[in-house]
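These notes are about the structure you will find just below.
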Protein chains: 2
Amino acid sequence: MKLNVTAQDVARLARVSQSAVSRTFTPGASVSEETRNKVMLAAQTLGYRPNALARSLITRRSRIIALVMSYLENQFYPLVIEKLSQKLQKQGYHVLMFISDLDEADAVLTEILQYQVDGIVMASTTLSTALAKTCADAGVPVVLFNRVPDTSALARHSTSSVTSNNYLGGRMVAELLLERGYRRLAFLAGLENSSTNQERERGFNDVLEEAGLAPYRREVGHYSFSGAQEATRKLFCSGPYPDAVFVANDHMAIAAMDVLRLELGLRVPEDVGVVGFDDVPQAAWGSYRLTTVVQSVEDMVSATVDLLHEQMQGEVNSRNVIVPCRIVERDSVRLHPSPDTAKSHQ
Amino acid sequence: MKLNVTAQDVARLARVSQSAVSRTFTPGASVSEETRNKVMLAAQTLGYRPNALARSLITRRSRIIALVMSYLENQFYPLVIEKLSQKLQKQGYHVLMFISDLDEADAVLTEILQYQVDGIVMASTTLSTALAKTCADAGVPVVLFNRVPDTSALARHSTSSVTSNNYLGGRMVAELLLERGYRRLAFLAGLENSSTNQERERGFNDVLEEAGLAPYRREVGHYSFSGAQEATRKLFCSGPYPDAVFVANDHMAIAAMDVLRLELGLRVPEDVGVVGFDDVPQAAWGSYRLTTVVQSVEDMVSATVDLLHEQMQGEVNSRNVIVPCRIVERDSVRLHPSPDTAKSHQ
DNA sequence: CTGAAAGCGCTTACAG
DNA sequence: CTGAAAGCGCTTACAG
């Protein structure tokens, strides 16, 4: 079988012009039924498939979307890859993966731009918004996923974003914990400079403040498993212990629960309540049954795709879409206030 | 800023030919220091980046590798995406993601081929080997990841693969379990027709047979979490219970452990020993501490990339690389034979 | 509806 | 080392 079958080859066999071949493979182009049939037959026998690269070169649309991520340890992100990729595939787009740490960011950016991608989804907490701006300047739509552009005014105008309502989520967590009688509320932070982390913490703190309270303790887990273990140990290194901890995401919350129960011998939720954020599949696993704030990956992905389309169609205005979130109650927060129980086991 | 800066634009500004521009961006091409400097300066001021699509069209190398997967629920696969993507990026290649169920396989294939990818990594258990053959026929290198080509002789010659030593892994599990005094050994299968599952089971069964034993019970979990829960319930629906179960992968083993302990009130490893396969990060989590067979993602990815390069350089012979694996002992298998303990708690 | 022709942005012999 | 030119495989006005 000949390796690179071109439209020219098909045209020759079908005894039509190369244009005719191109037209039968271009949805909406005008070809007679007869020509189309001749072409299809020839294409079939030769095993012809249009060269997407050549097409992209001339149409100036690659139908490729770059997806930039920094790490997949947190199961939330694989979910995003899966849903985004599937959704985009259905619309004839494809996802080019870029895994990037902060230090390689510039190289990655150049590569992305070279591939003439139609859009970029940045789901990496560590990449600076300045990079997003560079892309936007190059005329490539950018949507920030699960983070918000930083306060630099320049960036704001050129970049869209989708996040869940992190602030409200943080508030809901504090409200729940307070209602259930927890009083010494700690916060286990993710990355200090991540907008997601900041919003969640701000919502949490605001409710505490409104109740005349303050965060009891605070440590940083850097969104990593081992970081969260370490932070949990610090949070509970001396009494009186916090009686509840809001962890900035599920991935870290699970690490925290293991330390609490297995290393420190504390009971969840009796001795200490734990709440996470994301609702990754593991949060529902029997050994954790984590009460957490649900971020709908589907909704966030839908919004992302919509935003991408808007920008690709030349919308000038960028938008920051905020997807609603809600708490799912499992077993890591007690159902009724019973502060005595909590105290009697420390 | 002008959006599409071309080599022509740079040439004009630098007062050199377009060829000169191309050469300074082609590693190894002969350009004088002086010309290169003029070009670089002009490129810098215009913000020029070579168009990878145009380059690919003429060099016939896209430097894109397609990665086909079916689902990312099992954390093993996100790890593969991460490592493979990073490794390939370092070599100037990029990963185009394809998430595909069995029924969309043909469509996916066509799209892959249209993008003129330089190679394909198939890490989907569900895609038939026939598809791999089609790609190989089209002259595109294919390497099967974590699976082996089926017995069709045609496929064998055109497709490489990398797996860990699943057969030996299965044997090691049976040997460990027997040595620790477990006698009623059950197998919780993944997908019946997956080569990975078959090999693991065959190794396991062979050792039992050599010891004059047979698998005590067997159920199928389809590599899914809920499937594994269901299968575990069936395995333990009537006494005498199995005293150990080898689960075809960690993802299912974790589901099984939760059912065993939380639903059935059995202790692991005292009442029942559990062994998995893969060593995903979750297997090491405190609540599971799963004893399992380690498949090195790094090693498998390295082998995959090597195989890809071989085939891209026109190697005619395909190879099936088998990466060694080993057992990591944690706490889901007891350390010493003590069959009495196991019996007294059923 | 159809074909000839121009052109997308590059690389690479070829001749100097 | 350098430039003019051909060509990668397509799409799309343009004229018929």
Side-chain angles (χ1 to χ4, degrees), chain A residues 2-40 42-43 46-64 92 111 113-118 138-139, chain B residues 2-40 42-43 46-64 92 111 113-118 138-139:
Chain A
K2 183 175 176 251
L3 286 192
N4 277 291
V5 183
T6 72
Q8 199 55 255
D9 299 328
V10 177
R12 227 166 351 237
L13 180 61
R15 302 184 161 285
V16 297
S17 73
Q18 190 259 114
S19 314
V21 177
S22 173
R23 287 193 184 100
T24 97
F25 284 94
T26 304
S30 62
V31 229
S32 67
E33 197 55 29
E34 193 194 339
T35 306
R36 171 184 300 278
N37 290 149
K38 282 194 290 187
V39 170
M40 287 311 267
L46 294 178
Y48 171 72
R49 294 183 200 81
N51 182 326
L53 263 28
R55 170 179 291 169
S56 297
L57 187 58
I58 201 153
T59 59
R60 301 168 163 290
R61 313 193 66 216
S62 63
R63 300 194 81 81
I64 294 177
E111 291 166 17
L113 262 15
Q114 288 191 181
Y115 274 105
Q116 315 296 115
V117 299
D118 288 346
Chain B
K2 183 175 178 248
L3 285 192
N4 278 290
V5 183
T6 71
Q8 198 55 254
D9 298 329
V10 178
R12 226 165 351 237
L13 181 61
R15 300 185 164 284
V16 297
S17 72
Q18 190 258 116
S19 316
V21 177
S22 173
R23 285 193 186 100
T24 99
F25 284 93
T26 304
S30 61
V31 230
S32 68
E33 199 54 29
E34 194 195 339
T35 306
R36 169 184 303 278
N37 289 149
K38 282 196 289 187
V39 169
M40 288 311 268
L46 295 177
Y48 171 72
R49 294 182 200 83
N51 182 327
L53 264 27
R55 169 180 292 170
S56 298
L57 187 58
I58 201 153
T59 59
R60 302 167 161 292
R61 314 193 67 215
S62 63
R63 302 194 80 83
I64 294 177
E111 291 165 18
L113 263 16
Q114 287 189 182
Y115 273 104
Q116 314 298 112
V117 298
D118 288 346

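A quick note: this is a predicted structure, and the numbers were derived from the prediction, not measured.
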Using a heavy-atom cut-off of 4.0 Å across all strands, would you classify B:R49 as base, sugar-phosphate, or nothing? sugar-phosphate
Do any side-chain nitrogens or oxygens of A:R60 fall under 4.0 Å of OP1 or OP2 in C:dC8? no
Counting only side-chain N and O atoms of A:S30, is one of them less than 4.0 Å from OP1 or OP2 of C:dC1? yes
Can you check whether any acceptor in the base of C:dG3 is under 3.5 Å from a donor in the side chain of A:R23, or vice versa? yes
How is B:Q18 classified with respect to the nucleic acid when contacts are heavy atoms under 4.0 Å: base, sugar-phosphate, or nothing? base
Does B:T35 have a side-chain nitrogen or oxygen under 4.0 Å from the phosphate oxygens OP1 or OP2 of D:dT2? yes
Establish, with yes or no, whether the OP1 or OP2 oxygen of C:dC10 is under 4.0 angstrom from a side-chain nitrogen or oxygen of B:Y48. yes
If C:dA4 has a Watson-Crick or G-U wobble mate with both distances under 3.5 Å, name it; if not, just say none. none
Tell me whether the side-chain N/O atoms of A:S32 come closer than 4.0 Å to OP1 or OP2 in C:dC1. no
Contact class for B:S22 vs. all strands (heavy atom < 4.0 Å): base, sugar-phosphate, or nothing? base
Complementary nucleotide of D:dA13, counting Watson-Crick and G-U pairs under 3.5 Å: none
When you compare the side chain of A:R12 with that of A:D9, does any pair of heavy atoms fall below 4.5 Å? yes
